[in-house]
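First the structure, in the form of structure tokens, and then the observations on it.
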Number of protein chains: 2
Amino acid sequence: MKSDQIMSVFSEGCHPLSSADILERLQHNKVAIDRATVYRQVSRLKELLKLRVVDLGDGVTRYELNEDHHHHLVCLRCKKIVAIDLSKKTEGLLQQIEQTYKSEQNFILLTHNLAFFGICSDCQYL
Amino acid sequence: MKSDQIMSVFSEGCHPLSSADILERLQHNKVAIDRATVYRQVSRLKELLKLRVVDLGDGVTRYELNEDHHHHLVCLRCKKIVAIDLSKKTEGLLQQIEQTYKSEQNFILLTHNLAFFGICSDCQYL
DNA sequence: ATATCTGCAAATTTTTTGCAAAAAG
DNA sequence: CTTTTTGCAAAAAATTTGCAGATAT
């Protein structure tokens, strides 16, 4: 089953991967897979909430595991992506927000996306 | 100048707009504009921090004014988008996060993206 | 045997680019 | 006059679809 092989490339590292990245990694691992299959399975995995979309603002759609929820810091100049862990700081707040929308609008929250954009230290004097 | 006309469609409403949306709205307003111009100007406005990318998890790149920073609640079933204002709840925290990454990594944060995904009340019993 | 998954090729959609004319400074 | 912006057409990139054969249940 190709979806397992797709899931396995996400286990290799923690960076968000585009469809092209997934394809490349699988081919590098000698797994024959078609582009269309990647798209179809990623879409399915997204619906099953195994993966989620990470849009880092550069027009490329990337995905990552929907577990171990980390966030991202993205440099607007060099596009470097740094994974950050805000769970301690945000956990209470996000739970509170979940409660609020559950009771106010009966909206059941399942996941979220949080990314920060700015200029990294290497790019500040360019 | 076409970028002013692009900016003006964002003032009409508060929903995030894709490139196709912008084109459609301008054409509806009898403004002749080419697709390429929309892409070029949006990219420029993004660099000038007048617009920012909004990630609603469906792989479509959308933009909104980078002022009045609201967040979004997105229904994973019907794709309904609800704009929410978390500024009171998150302001302190986001400022604290900005400080943390400024001092720890010398990363200057300029903007962020926060969206919640779940099932809206209309879709829960489908 | 039936239903699901896959590769392949083609179609569609989205975004980018080169270039010459138009507009702005 | 020089620089920037625009439209047009074409190219490139990203995503989706139809279909027939392969896999799995």
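Lettering of chains follows the sequences in order, A, B, ..., and the numbering in each one begins at 1. Hydrogens, waters and symmetry mates are skipped; everything else that's a heavy atom, side chains included, is used.
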| request: Run the numbers on B:His70 and B:Glu64 for side chain to side chain donor-acceptor pair (under 3.5 Å), then give the verdict. | output: CA-CA 10 Å; B:His70 47 268; B:Glu64 74 180 3; 3.2 Å; yes

| query | Any side-chain heavy-atom pair from A:Leu109 and B:Leu73 closer than 4.5 angstrom? | reply | yes

| remark: To the nearest angstrom, the CG-P distance between A:Asp4 and C:dT6 comes to 9 Å

| request: Using only heavy-atom distances, determine whether the side chains of B:Asn29 and B:Glu12 contain a donor-acceptor pair under 3.5 Å. | output: yes

| Atom-pair distance (CG on A:Asp21; P on D:dT15), nearest Å | 11 Å

| query | Looking only at heavy atoms, what is the nearest atom pair of B:Val53 and B:Lys46, with distance? | reply | CG2-CD, 3.6 Å

| Side-chain N or O of A:Tyr39 closer than 4.0 Å to phosphate OP1/OP2 of D:dT16 | no

| Can any side-chain N or O of B:Asp34 pair as donor or acceptor with the backbone N or O of B:Ala36 at less than 3.5 Å? | yes

| message | If the cut-off is 4.0 Å, is B:Ser18 near the phosphate of C:dT14, judged by side-chain N/O to OP1 or OP2? | response | no

| remark: The bend of the helix from C:dA1-D:dT25 to C:dG25-D:dC1, taken between the axes of its five terminal pairs at each end and rounded to 10°, is 40°

| field | Flag, side chain of A:Arg52 to backbone of A:His112, donor-acceptor distance under 3.5 Å | value | yes

| Side-chain (A:Asn113) to main-chain (B:Asn113) donor-acceptor, under 3.5 angstrom | no

| field | Residues which pass salt bridge (charged side-chain N to carboxylate O under 4.0 Å, His left out) with A:Glu104, listed by chain and number, not counting sequence neighbours | value | none

| said: Each nucleotide in nucleotides 5-11 of chain D should get exactly one letter: B, S or -. Can you fill that in based on protein heavy atoms under 4.0 Å? | reply: SBBB---

